[in-house]
Visitor: 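Submitted below is the structure of interest, expressed as structure tokens.
Order of appearance sets the numbers: ligands from 1, and atoms from 1 within every ligand.
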Amino acid sequence: MLSQFTKVCRCGIATSAMKQINKVTVIGGGQMGAGIAQVAAAAGDQVTLVDVNDSVLQNSEKTILKSLERVVKKKYAESPEAGSAYIEDIMDRISTNTDVMAASKDVDLVIEAIVENLGVKQELFKKLDGIASSNTIFASNTSSLPIREIAKATNRLDRFGGVHFFNPVPLMKLVEIVKAPETSQATFDTLTKWGKKLGKTTVSCQDTPGFLVNRLLVPYLMEAVRLYERGHGSKEDIDVAMKLGASYPMGPFELADYVGLDTCKFIIDGWSELEPDNPLFKPSPLLNELVAEGKLGRKSGEGFYTYKK
Ligand SMILES: CCCCCCC[C@H](O)CC(=O)SCCNC(=O)CCNC(=O)[C@H](O)C(C)(C)COP(=O)([O-])OP(=O)([O-])OC[C@H]1O[C@@H](n2cnc3c(N)ncnc32)[C@H](O)[C@@H]1OP(=O)([O-])[O-]
Ligand SMILES: NC(=O)c1ccc[n+]([C@@H]2O[C@H](COP(=O)([O-])OP(=O)(O)OC[C@H]3O[C@@H](n4cnc5c(N)ncnc54)[C@H](O)[C@@H]3O)[C@@H](O)[C@H]2O)c1
């Protein structure tokens, strides 16, 4: 368990030093939460994955297992037995729980990857703040919401930061570490060290809309949708164009489906509310329509494209 490591400097002011994270609760077992649980357990952390019910958590476990099997196919191609032991070892470090309060009582870090909605995230952390140890750091994997706004629901603004992973978490090498105005240097350093322990490259971000990657990626994806809405290109051609003309691994429509169209909509609606006159943040009628029809991308079997279940 993380120890509150408090130093008193010569001036007499107590300052908290960087801590070691070994025990983590991940809230939200969807595509991001499952990935975060996987990479944390692979790095040796004891992980509890939380979601609203057991059937979601069973799916999360299946997703993690499938992903680990893909990793092992490459990493242990010559030694299937060592591969099985590797998977077993990681799965042994992951437990699941539907009781978020019990799962968050005594851990070094609570990181959430639930729905991209400020009120829901605030409500979650407000509840947790009352029961989690004062040593526990809170973090959000939000794509687009201000970390400070989420943290304001708690009395631990100094022990609250952003840790933004990318999808698919096991493969994407970057993690953005977000320092909100009140995030302490010790918290920021602890989160950065944790990101590196998970094998990721970290970049340091301020608490500005979209941090670094999404401030560029969101306008690009939305502009692709607008291009298509204007009838200036088919989605297939736009995807091919960006893959072969710009060497992106996925075209914008493939990527939006991969991310989840509900998440895309939550992001753009939030930014458009924040800056209604910014043409880059204009919502898209087509995106709204698809989400209203339950076409959320790969996770629901249909979005801009149709996927085999
Ligand atoms: C409108 C607003 C929207 C904003 C959205 C923002 C969202 C968010 O905040 C930020 C993001 O995340 S942005 C999103 C950022 N993300 C991006 O931009 C992603 C862009 N896409 C890509 O980088 C690639 O298409 C992928 C890596 C996803 C798949 O690669 P591919 O070549 O097209 O297809 P492949 O052949 O299937 O797989 C290749 C190899 O990878 C292996 N593997 C795959 N999945 C795995 C898993 N889960 N586990 C383990 N392994 C996995 C697979 O086994 C294979 O191994 P092999 O040994 O070589 O056979
Ligand atoms: N999808 C991406 O590419 C991506 C990338 C980076 C960051 N994010 C961010 O990560 C977060 C999750 O995104 P996702 O794509 O994994 O979503 P998802 O829809 O796949 O999963 C969300 C999960 O959270 C659960 N959940 C919702 N409310 C909950 C609560 N109160 N308590 C416990 N569990 C709850 C849901 O049951 C669901 O399983 C969002 O904030 C999103 O912006 C997403």
Visitor: For atom 12 (O) of ligand 1, is the nearest protein heavy atom closer than 4.0 Å?
Guide: yes
Visitor: For D239, which of Y305, Y248, Y228 qualifies under side-chain hydrogen bond (donor to acceptor under 3.5 Å, both in side chains)?
Guide: Y305
Visitor: If I apply the N/O under 3.5 Å rule, does F166 come out as touching ligand 2?
Guide: no
Visitor: Please work out whether the ring planes of F160 and F125 are parallel, tilted or perpendicular, with thresholds of 30° and 60°.
Guide: perpendicular
Visitor: At less than 4.0 angstrom from any non-hydrogen atom of G30, what atoms of ligand 2 do you find?
Guide: 16 (O), 20 (O), 21 (O), 23 (C), 39 (O)
Visitor: For atom CD of Q206, decide whether the heavy atoms of other residues, nucleotides or ligands shown that lie under 6.0 angstrom number more than 12.
Guide: no
Visitor: Salt bridge check, K126 against E123: does any charged N sit closer than 4.0 Å to a carboxylate O?
Guide: no
Visitor: Consider ligand 2: state whether an atom of it lies below 4.0 angstrom from any non-hydrogen atom of E112.
Guide: no
Visitor: Would you please test T190 and T187 for side-chain hydrogen bond (donor to acceptor under 3.5 Å, both in side chains) and show each step?
Guide: CA-CA 5 Å; T190 301; T187 297; 6.0 Å; no
Visitor: Only heavy atoms count here, so choose which of I150, L145, I114, V259 is nearest to atom 40 (C) of ligand 2.
Guide: I114
Visitor: Could you tell me, atom by atom, which parts of ligand 2 come under 4.0 Å of a heavy atom of T263?
Guide: 42 (C), 43 (O)
Visitor: Just which atoms of ligand 2 are under 4.0 Å from any heavy atom in S143?
Guide: 6 (C), 7 (C), 8 (N), 9 (C), 42 (C), 43 (O), 44 (C)
Visitor: Answer with side chain, backbone, both or neither: which part of N214 has a heavy atom less than 4.0 angstrom from an atom of ligand 1?
Guide: side chain
Visitor: Taking the cut-offs as 6.0 angstrom to the six-membered ring centre and 45 degrees off its axis, would you call R156 and F138 a cation-pi pair?
Guide: yes
Visitor: Could you tell me whether ligand 2 has any atom less than 4.0 Å away from a heavy atom of L124?
Guide: no
Visitor: With heavy atoms only and a cut-off of under 4.0 Å, state how V56 meets ligand 2: side chain, backbone, both or neither.
Guide: side chain
Visitor: Is the closest N or O pair between T142 and ligand 2 shorter than 3.5 Å?
Guide: no
Visitor: Does some non-hydrogen atom of F165 fall short of 4.0 Å from ligand 2?
Guide: yes
Visitor: Under 4.0 angstrom from atom 19 (C) of ligand 1, is there any protein heavy atom?
Guide: yes
Visitor: Taking 4.0 Å as the limit for heavy-atom contacts, which would you say applies to V213 with ligand 1: side chain only, backbone only, both, or neither?
Guide: neither
Visitor: So, does V100 sit close enough to ligand 2 that a heavy atom of it is under 4.0 Å from the ligand?
Guide: no
Visitor: Under 4.0 Å, heavy-atom basis, I'd like to know which part of N167 is in contact with ligand 1: side chain, backbone, both or neither.
Guide: both
Visitor: With respect to atom 53 (C) of ligand 1, which of R70, M250, K74, E69 exhibits the smallest heavy-atom separation?
Guide: R70
Visitor: Quiz question: by atom type and distance under 3.5 Å, do the side chains of E116 and T263 form a donor-acceptor pair?
Guide: no
Visitor: Is there a polar contact between ligand 1 and Y258, counting only N or O atoms under 3.5 Å apart?
Guide: no
Visitor: For ligand 2, indicate whether the residue I267 contacts it via side chain, backbone, both or neither (heavy-atom separation under 4.0 Å).
Guide: neither
Visitor: Quiz question for you: does at least one protein heavy atom lie closer than 4.0 Å to atom 34 (O) of ligand 1?
Guide: no
Visitor: Heavy-atom contact check, 4.0 Å cutoff: does A113 meet ligand 2?
Guide: yes
Visitor: Protein heavy atom under 4.0 angstrom of atom 29 (C) of ligand 1, is there one?
Guide: no
Visitor: Below 4.0 angstrom from a heavy atom of V218, which ligand 1 atoms are there? Numbered from 1 as shown, please.
Guide: 2 (C), 4 (C)
Visitor: Protein heavy atoms near atom 25 (O) of ligand 1, is at least one of them under 4.0 angstrom away?
Guide: yes
Visitor: As a check for students: among K75, M172, K73, identify the option with a heavy atom nearest to atom 17 (C) of ligand 1.
Guide: M172
Visitor: Considering I64, L171, L217, which one's heavy-atom position lies nearest to atom 27 (C) of ligand 1?
Guide: L171
Visitor: For atom 60 (O) of ligand 1, is the nearest protein heavy atom closer than 4.0 Å?
Guide: no
Visitor: Out of P219, S67, P168, who gets a non-hydrogen atom closest to atom 50 (C) of ligand 1?
Guide: S67
Visitor: So is H164 in contact with ligand 2, going by heavy-atom distances below 4.0 Å?
Guide: yes
Visitor: Pull out every atom of ligand 1 sitting under 4.0 Å from any heavy atom of F166, numbered as shown with elements.
Guide: 10 (C), 11 (C), 12 (O)
Visitor: Is there a protein heavy atom less than 4.0 Å away from atom 3 (C) of ligand 1?
Guide: yes
Visitor: Tell me the closest heavy-atom pair linking A180 and D207, and the distance in Å.
Guide: CB-OD2, 3.7 Å
Visitor: Just jot down the ligand 1 atoms closer than 4.0 angstrom to any heavy atom of S143, in number order.
Guide: 7 (C), 8 (C), 9 (O)
Visitor: Just so I know, are the side chains of E112 and L128 near enough to count as touching, which here means a heavy-atom distance under 4.5 Å?
Guide: no
Visitor: Which option out of K127, E123, K299, E116 puts a heavy atom nearest to atom 41 (O) of ligand 2?
Guide: E116
Visitor: Answer yes or no for atom 39 (C) of ligand 1: protein heavy atom present at a distance under 4.0 Å?
Guide: no
Visitor: Provide the number and element of each atom of ligand 1 under 4.0 Å from a heavy atom of M222.
Guide: 1 (C)
Visitor: Ignoring hydrogens and angles, state whether a donor on the side chain of Y307 or D257 is under 3.5 Å from an acceptor on the partner side chain.
Guide: yes
Visitor: Please indicate whether any nitrogen or oxygen in K121 is less than 3.5 Å from any nitrogen or oxygen in ligand 2.
Guide: yes
Visitor: So is H164 in contact with ligand 1, going by heavy-atom distances below 4.0 Å?
Guide: yes
